[in-house]
Amino acid sequence: MNYWKKVITVTHWEFSRFFKPKNEAIGIVIMLIVSSVFYFGGKFALSDSDKKFEISVIENIDSGLIESMKDEYFIKRIPEQQKTKFIEKIKKEKFGILLASEGESFNLFAYKNSREIEKIKNSLNEYHAQREMQRIGLSPDELSAILSPAQVVESFLYSNESKSRIVLAWLFACLMILAVFVSFAYQFTAITGEKQLKITEQIVSAISPQIWMDGKIFGISLTGISSMLTYSILSILGGMLYFQFTGTPISSIIDYLYLPSILLYLPFALAGILTWNAILAAIASIITDPNNSGKSALMILPVLFVIASFLVTRDPDSGLTLFLSWFPLTSASSMPMRWAITEVSYWQVGGSFLILVLTFYFLRKLAAKIFRVSILITGKEPSFSEVYKLSKQH
Amino acid sequence: MIDNIPKNVLEVNSISKDFLNVKAVNNISFNVEQGDIFAFLGPNGAGKTTTLRILLDIIKADSGKIQWNLNGKSNQLPEASHIGYLPEERGLYLDIPILKSLIYLASIRGMDKKDAKKSALEWLEKIDLADRANEKLQVLSKGNQQKIQFVASILHQPTFLILDEPFSGLDPLNQEIFIDFIKEINNQGTTILLSAHQMPLVEKIAKKVFLINNGMELYNGSLSSIYQTFGKKHIIELQFESDVNEFTLRNLSGIESVNIIDDFRVKLTFEQLTDMKSVLNQLVKVEGISDITSYKPDLHEIFLQLIKNA
């Protein structure tokens, strides 16, 4: 039985162990329900923000102000003498708003700050601006001219041919992060779980640790990629719905599915997912009991991916982003992102990809070596130095 | 004619393995012939499992040579399809249906999935678990899980089967069932190397034994020759009506050791070639004996004797 046949057998096993279409579908349904609850719940919660509400005003307040506010609020006039009593009432009942004026300034009394107070403050600002304009004899057009920004004509030597490249780059980065995090949980369970169930000895007596590790990396990466594909299809369907509701023809989605970009992003995404899986497999190989291991904290390393993606969009030509687009732990998302938003030569794209692939090749070998020596240490979790010493012996 | 000459399917020459400052295996050599049931015997921590792991290349020996001659191929490392292995540390996928796990474990040893399924169902039938083939392993009792583990090691019909402590954790009834399985597989042509510390069980099936203690060889040879070499001593067990008179017994002629079993029973071991007629004449004069049992030393006793002499 040759190497590839065995790797495919293990890959298929790991994939079928963890990729459960039924669970995936349930996850999507739950996600849709939660999203809907947040969307409609939020809408409902904010629906009363435009409602007219009551403000009590002291009788002696400027009549012009009351006139300007009466369309937006229910105005209730209160005699000056009742001011103190009314404030006491607000405190007692924890309800009500009182507006008074003192010279040029206004006084607002309420039990606590709220959206209503912010709305009243905006109305008072508008009224104040109009009153000041009248005082200095300024027309609304003149005020608008003063406040308008300077006119600047922008001319860039490098023009971004298509904003769809950025949208697609973000989509791929997000999907890749999703795939890495999904694989992440499974890789952890697969390796530490097998160690805890004491299956490893049985397995490595039949296949080499390298075959076992490669099968795990490929099989679990495939699980992550399957989730990535599921969510890609959902994103496209969501995009189509968006275009439908915004009145743009559905065919506009084709503009975003720009083939040259896909041909560039896809290999980077796949190599990135495999590389991260190899790293996670190596870390999981040293961990015996995930609940009591300090090394479990290393599993948050993929967050590097997310940070790198954000840094690139802030300044795609800085020294740091140049480094991130070549560094194999971040290049899978950073290089396509740079390619989308700035000018990157093809040799840079090719070079970065080659380093990424080579990194994967050596990391999977390292993961298998760590696994091989870590199973020799029984009864306790191996330390990094023990693994290093043993790996030199074997 | 040539086919009848036993050939070594495994040749182990002077292998050693150290773990930090502990000599786990110390310069041991042995050969396993085709069709043997070769028992690797020793107490816990003697080096049995380490040796088996070295044979399977799970760990590397510091020195020495291993030669496998299976199915017409000579290698330092056997093909996975030719070897079956029941590790001492038992474990299978608990949350996966039994049949699915068995097929997977046979397929990574090179067996076709269809054949693996057929063979798995046959074996499940044999161990009375056919109706539970699609259940998860975790719902089975520990004894039944052990049986599944055993089936996983032999499903692909290996030429050479390594069983590390196959009887541990089994009740007496299941131990007998396992002994029958081992005999049956051996009769079908599979060579078996087993490690164990339950000597009375091993005596029932082994053709050759290798006794190991502290990583070193104590004895290597056939079961019959170990009895011929070390089993000539006489052992007498005495039952007393009152307390044992140890002093008198220690002065019997030819006495090698006196082991007090309890307040009323004692086991006497006599040196080889001791005149037992004279011993019996002396025992007649010892007061209070209510029962006398005489027997030859078993493997367990020979092993203890060898450790003592080592």
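Within every chain, numbering begins at 1; the chains are lettered A, B, ... in the order of the sequence lines, protein sequences first and strands thereafter.
Within the 4.5 angstrom heavy-atom criterion, atoms from both the backbone and the side chain of B:Leu94 approach chain A. At a 4.5 Å heavy-atom cutoff, B:Asp62 makes no contact with chain A through either its backbone or its side chain. Heavy atoms of B:Ser101 lying under 4.5 Å from chain A belong to its backbone as well as its side chain. Heavy atoms closer than 4.5 Å to chain A are found nowhere in B:Ile162, neither backbone nor side chain.
Contact record, B:Tyr104 with A:Ile203: CE2-CD1, 4.1 Å, taken as the closest heavy-atom pair. Closest heavy-atom contact between A:Ile207 and B:Ile108: CG2-O, 3.8 Å.
Side-chain contact between B:Ile96 and A:Arg17 is present, with at least one heavy-atom pair separated by less than 4.5 Å. B:Glu89 places none of its side-chain heavy atoms less than 4.5 Å from the side chain of A:Thr200. Proximity of A:Val204 to B:Tyr85: side-chain heavy atoms (C-beta onward) are nowhere separated by under 4.5 Å. Two residues are said to be in side-chain contact when any heavy atoms from C-beta on lie closer than 4.5 Å; B:Glu88 and A:Glu201 fail this criterion. For the pair A:Trp13 and B:Lys100, the minimum side-chain heavy-atom distance is below 4.5 Å.
Note: B:Pro87 leads B:Ala80, B:Pro78, B:Pro87 in heavy-atom pairs under 4.5 Å with chain A.
Screening B:Leu55, B:Ile58, B:Leu52 for a side-chain contact (heavy atoms from CB on, under 4.5 Å) involving A:Ser205 leaves a single residue, B:Ile58.
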